[in-house]
Every structure is written in structure tokens, then in C-alpha cells.
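Working notes, beginning with the structure itself.
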Amino acid sequence: VHRLVTYIFIYEDLVSLACGAVIIWYFASSFEKNVGTVKHCFLTSTFAVLSALLYLLLEPVVSRVSAVEDAQGFTPVAFATLGVSTTRSRMRRTLVLGVRVPVVLVPWFMLCIVWFIPRSSLLSNLCGLLVGEAYGLGYCFCLDFPESVGSRLDRVFPFTLLRRIPGLKYIPGSLAERRAFESSRINPTPGTYPTQSYCCASPPALPAFQAQHPSAQSQGVQHSCAPG
């Protein structure tokens, strides 16, 4: 039973390990920013188990037609998160290699590309994508839990330990806290970054006729200090 989850950590060569590291860094990190660390951990385990169960269900049928690679690596879970993001995205089209394509077709396009990764199982990636799209469309609503539960889990072990690890970026479970965290990064508090003050240059020497007319002199000074 433990193999329903541990297969996502199995890589047989350095090339597949490097590709898996890139996939984890790109897909998992962006998905964690949207849902929070607590929900990300929960959905990662859930997507891994559901993808493995669907793979075990389809593997005897597909193996009669063609050879099937064993399920391994993080790519099935990455496709599940990609399926959730594309089905719930408000964007209609996006750029892929300089071509505007519908957002719903992006996971299927990526599925064809990942097929060329060594030791990559097309069936397991397809199972992960189907699980993610089913969750994104609301067919697995029982897996959702409110943000209040995520905020409470932020204060219990082991998530309290994750907050204290230096260099680890922890994403809170509450949407309000995530927005406050992002806004604090975009708009830093005054005094946290260096500033440069600008002063008006000294006015040039005034002509002789302006020295006899104070009003003209004051106008010349104001003009010299005008912005721009």
C-alpha cells in the first residue's frame, strides 16, 4: 500500500531525476503559492494515491495493446496540479512557444512533450491529468476543506516546524494572509530599502535687470526650481 505514494520519489537515472527536479520546482511551487503549504501537502498525497489507483485500473487493459512503463517520478502529480490550474483558470488563451492556444489544451500539449523524458510513463501521466481535471471541475469536492481548517493546521505540528526552518518559504493557508504576504513583498515598508534624495540646483546668476525687479527675481527662482 505504501507504494501508492512512494513511487513519486523513485528515479532510475540522473536525467529523469533532473527533469523531475525541474518539474517539482516549476509546477509544485506555483501550485503551492495558490493553495498554501498545508493544502499542497494534502493534495500531493491525494493526487499520488488517486493517480496510482487509476493507473492500476487501466494498466491491465492498456498492456494488451502496447507496452506500459511503470509509474514513477513526480510527473503524474505535476500533471494533476496542472489540470487543476487550467480548469480553474480565468484565462481563455495563453502563449505556448510563441503560439496562442486555448488554456484547456496546454496540459495535453505538455503531455506530448513529457513523453520524451526517459523512463516517463505516458499512462501514469495521463492518469494524473485526468485526476487533476476531475478535481478542478468539482467532481472531487469531498477533497476540499475550508480555509479555517488550513489556518488551524498552520499552528500544529509538523507545519509549525516548517515555519521555523531557515531558507524555507512557508505559504499560509488563509487567502487573506497569502495576499498580505504578497503585498508586503511588492510594497516594502519605508526605510527597508535605500533611497536617494534630490534637491533643486542653485539658481544661475541673475541678469542685472532682474536685480532691480524683485518680482522678476522671485519668478526666475521659482522657474529654476520647477520639476523637470
Side-chain angles (χ1 to χ4, degrees), residues 1-59 62-63 67-89 94 96-97 103-137 139-140 143-145 150 153 158-159 161-162 165 167-171 173:
V1 175
H2 70 278
R3 293 184 180 181
L4 295 176
V5 178
T6 56
Y7 74 93
I8 64 177
F9 303 105
I10 298 176
Y11 296 94
E12 295 186 358
D13 49 38
L14 294 178
V15 177
S16 59
L17 177 61
C19 295
V22 172
I23 290 173
I24 292 174
W25 170 77
Y26 185 79
F27 290 101
S29 60
S30 60
F31 185 74
E32 183 179 1
K33 291 179 182 178
N34 295 328
V35 300
T37 302
V38 173
K39 199 168 187 178
H40 169 69
C41 295
F42 171 74
L43 290 179
T44 297
S45 303
T46 304
F47 288 159
V49 172
L50 294 180
S51 301
L53 292 177
L54 185 59
Y55 172 85
L56 294 177
L57 181 64
L58 299 178
E59 191 270 339
V62 179
S63 60
V68 179
E69 290 284 346
D70 293 335
Q72 61 181 0
F74 191 80
T75 50
V77 180
F79 273 101
T81 58
L82 181 60
V84 175
S85 301
T86 53
T87 52
R88 295 186 176 183
S89 176
T94 186
V96 177
L97 299 179
V103 175
V104 294
L105 297 181
V106 173
W108 303 97
F109 180 77
M110 296 295 298
L111 188 65
C112 299
I113 297 178
V114 176
W115 194 7
F116 295 98
I117 296 179
R119 305 292 182 179
S120 178
S121 176
L122 178 63
L123 179 60
S124 62
N125 296 335
L126 178 61
C127 292
L129 179 57
L130 295 177
V131 169
E133 291 194 347
Y135 175 81
L137 294 174
Y139 295 109
C140 302
L143 300 178
D144 281 325
F145 53 84
L153 293 177
F159 300 106
L161 180 61
L162 294 178
I165 298 179
L168 182 63
K169 182 180 178 181
Y170 188 89
I171 309 299

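Each residue takes its place number in the sequence, starting with 1.
Distance CD/Glu12 to CG/Leu17: 12.0 Å, rounded to 0.5 Å. Residue Leu53 holds its CG atom at 11.0 Å from CG of Leu58, rounded to the nearest 0.5 Å. From Lys39, atom NZ reaches atom OG1 of Thr46 across 10.5 Å, with rounding to the nearest 0.5 Å. Interatomic distance, Thr44 OG1 to Phe31 CZ, rounded to the nearest 0.5 Å: 7.0 Å. Atom CG in Leu4 sits 6.5 Å away from atom CG in Leu56 (nearest 0.5 Å).
Note on residues 123-134: pairs passing side-chain hydrogen bond (donor to acceptor under 3.5 Å, both in side chains), not counting sequence neighbours, are Thr75-Asn125, Ser120-Asn125, Ser121-Ser124.
Applying the 6.0 Å contact sphere to CG of Leu161 captures more than 12 heavy atoms from other residues, nucleotides or ligands.
In this structure Val103 satisfies the side chain to side chain contact (heavy atoms under 4.5 Å, CB included) test together with Thr86, Ser89, Met91, Thr94, sequence neighbours excluded. Every residue two or more places apart in sequence or in another chain that forms a side chain to side chain contact (heavy atoms under 4.5 Å, CB included) with Ile10 is listed here: Gln72. By the ring-ring contact (aromatic ring centres under 6.0 Å, His included) test, Phe47 pairs with Tyr135, sequence neighbours left out. Judged as a ring-ring contact (aromatic ring centres under 6.0 Å, His included), and not counting sequence neighbours, Phe74 has no contacts. Among residues two or more places apart in sequence or in another chain, the ring-ring contact (aromatic ring centres under 6.0 Å, His included) test is passed with Phe42 by Phe145.
The backbone N or O of Ala48 sits nowhere less than 3.5 Å from a side-chain atom of Ser51 that would complete a donor-acceptor pair.
For the pair Val104 and Thr87, the minimum side-chain heavy-atom distance is 4.5 Å or more.
The minimum heavy-atom distance linking Tyr55 with Asp70 is given by the pair OH-CA, 3.6 Å.
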Does the pair Phe79 and Ile23 meet the rule for a side-chain contact (heavy atoms from CB on, under 4.5 Å), with working shown?
-> CA-CA 10 Å; Phe79 273 101; Ile23 290 173; over 6 Å; no
Just do the side-chain contact (heavy atoms from CB on, under 4.5 Å) check on Trp108 and Leu126 with the steps written out, would you?
-> CA-CA 9 Å; Trp108 303 97; Leu126 178 61; 3.5 Å; yes
Between Leu122 and Leu111, is a side-chain contact (heavy atoms from CB on, under 4.5 Å) present by the stated rule, with each step listed?
-> CA-CA 8 Å; Leu122 178 63; Leu111 188 65; 3.9 Å; yes
